[in-house]
Amino acid sequence: MRDYGIDPSVFSISVVELRHEVAGRALLDIPALSVPRHGATCVLGPNGAGKSLLLRALHGLLEPTRPGEVTVAESIGRQAMVFQKPVLLRRTVAANVAYALKAAGVARSDRRERVARMLSHGGLAHLAERGARSLSGGEQQRLALVRALAVAPDLLFLDEPTASLDPGATLAIETLLHDAIRAGTKVIMVSHDPGQAKRLASDVIFLNRGQVVEQGPADAFFDGPSSAEARAFLTGNLVF
């Protein structure tokens, strides 16, 4: 394995020689990648670029087909992930959050107060006793995010958390994310929406055909992308 000189203490996660193949085709082929420790990193790219695969690989849910190395910084403790389609228990809204706290080892005596506080923060307190699966799409996604944030993760992975949501639901999700980022949670998020990345991201990873084409500060990326692929993506050109 080559030494790319990556210092894991500076980053939340770094990877070396990450490759994932299906039927001999490389869906991810990343020699080296480091994700900054703080702020929100937004993973952008066209459909089929490998964005969700990269997120799952970083979170340990996808095993690469080539032995590589994923290094998590020592400052990262608890991790959480919210999927594009929320996975909710057949329980009430409050019980979903309480279950996550129990699984995280939070003392029973502390759970009720934290559940109430988190549901209030997420604007879901009035739905506490409703069945989670009876909620609207936006409410379900907000609950999934509140449940993840309730365990106070150091690192939060999000796979298109506002896909197909209306502007009001999107604003509610983004408000929760802004608060979490300010509180010190590192966010790594896949988004289909460059506008959302502009609002949330401190840095951007741009993927195309399973490879990192660009990575850097969000302002620089949106002001002047250095690759033809990124310029085409930002201008709505569908040819990649």
Side-chain angles (χ1 to χ4, degrees), residues 40-44 47 51-53 55-56 58-62 78-201:
T41 298
C42 196
V43 183
L44 294 174
N47 289 339
K51 303 185 296 296
S52 294
L53 287 177
L55 204 68
R56 284 160 172 74
L58 294 178
H59 193 37
L61 299 179
L62 177 73
R78 185 170 287 137
Q79 301 182 28
M81 184 164 180
V82 177
F83 296 91
Q84 182 175 345
K85 184 176 181 180
V87 180
L88 298 173
L89 303 174
R90 293 183 181 276
R91 305 185 183 193
T92 66
V93 168
N96 265 264
V97 180
Y99 181 85
L101 294 174
K102 179 181 178 181
V106 175
R108 185 172 186 175
S109 59
D110 296 333
R111 288 177 212 156
R112 179 173 295 184
E113 184 277 331
R114 192 182 297 192
V115 168
R117 174 161 46 86
M118 291 304 299
L119 291 182
S120 177
H121 183 55
L124 297 170
H126 64 296
L127 300 172
E129 299 308 315
R130 282 271 301 273
R133 296 186 179 185
S134 71
L135 302 181
S136 69
E139 289 166 345
Q140 287 191 7
Q141 193 68 292
R142 210 176 338 151
L143 172 57
L145 180 55
V146 164
R147 185 177 60 184
L149 293 174
V151 302
D154 298 299
L155 177 57
L156 176 63
F157 295 94
L158 301 166
D159 192 356
E160 299 203 23
T162 60
S164 303
L165 298 186
D166 62 34
T170 296
L171 176 60
I173 294 291
E174 290 187 6
T175 299
L176 286 170
L177 290 176
H178 274 299
D179 291 345
I181 293 164
R182 281 196 295 267
T185 296
K186 170 64 188 182
V187 170
I188 302 177
M189 181 176 102
V190 168
S191 179
H192 66 286
D193 181 2
Q196 183 171 72
K198 285 183 179 181
R199 293 189 295 271
L200 291 174

Which heavy atom of A144 sits nearest a heavy atom of V82, and at what distance? O-CG2, 3.7 Å
Closest contact, heavy atoms only, L44 versus S191: CD2-O, 3.4 Å
Out of curiosity, L127 CG to E139 CD, how far, rounded to the nearest 0.5 Å? 5.0 Å
How would you list all residue pairs meeting ring pair (Phe, Tyr, Trp, His ring centres under 6.0 Å) that involve residues 148-169, not counting sequence neighbours? H59-F157
Would you tabulate the side-chain donor-acceptor contacts of residues 163-173 under 3.5 Å, counting partners in other chains and residues two or more places apart, or write 'none'?
| unit_1 | atom_1 | unit_2 | atom_2 | d |
| --- | --- | --- | --- | --- |
| D166 | OD1 | G168 | N | 3.1 |
| D166 | OD1 | A169 | N | 2.7 |
| T170 | OG1 | D166 | O | 3.1 |

Output for pair (M118 CE, L143 CG), nearest 0.5 Å, gives 10.5 Å
Is there side-chain contact between V146 and V93, with heavy atoms separated by less than 4.5 Å? no
Between L101 and D110, is a side-chain contact (heavy atoms from CB on, under 4.5 Å) present by the stated rule, with each step listed? CA-CA 9 Å; L101 294 174; D110 296 333; over 6 Å; no
Less than 4.5 Å apart, any side-chain heavy atom of V106 and any of V151? no
Could you list all the salt bridge (charged side-chain N to carboxylate O under 4.0 Å, His left out) pairs where at least one residue sits in residues 144-159, not counting sequence neighbours? R56-D159
Test L55 against every option in L158, I188, L61, L62 by the side-chain contact (heavy atoms from CB on, under 4.5 Å) rule and name the one that passes. I188
Does the Q140 side chain pair with the main chain of L135, one donor and one acceptor, at a distance under 3.5 Å? yes
Strictly distance-based, threshold 3.5 Å: is any side-chain N or O of T185 a donor or acceptor partner for the main-chain N or O of P153? yes
Please round to the nearest 0.5 Å and tell me the distance separating atom CG of L176 and atom NE2 of H178. 10.5 Å
What one should report as the nearest heavy-atom pair of G131 and S134 is O-OG, 2.7 Å
For a quick test of reading the model, state the closest non-hydrogen atom pair linking C42 to A201 and the distance between them. CB-CB, 3.7 Å
Strictly distance-based, threshold 3.5 Å: is any side-chain N or O of R199 a donor or acceptor partner for the main-chain N or O of E174? no
For A132 and L88, work out which heavy atoms get closest and say how close. O-CD1, 3.8 Å
I'd like to know if the side chain of Q141 and the backbone of Q84 have a donor-acceptor N/O pair within less than 3.5 Å. yes
Taking atom CZ of R117 as the centre, does the number of heavy atoms from other residues, nucleotides or ligands within less than 6.0 Å exceed 12? yes
If you draw a 6.0 Å radius around CZ in F83, do more than 12 non-hydrogen atoms from other residues or ligands fall strictly inside? yes
Partner of M189 under side-chain contact (heavy atoms from CB on, under 4.5 Å), picked from K51, Q196, E160, is Q196
In short, A94 meets E129 closest at the heavy-atom pair CB-OE2, 4.3 Å
How about K186 and T41: does a side-chain donor come under 3.5 Å of a side-chain acceptor? yes
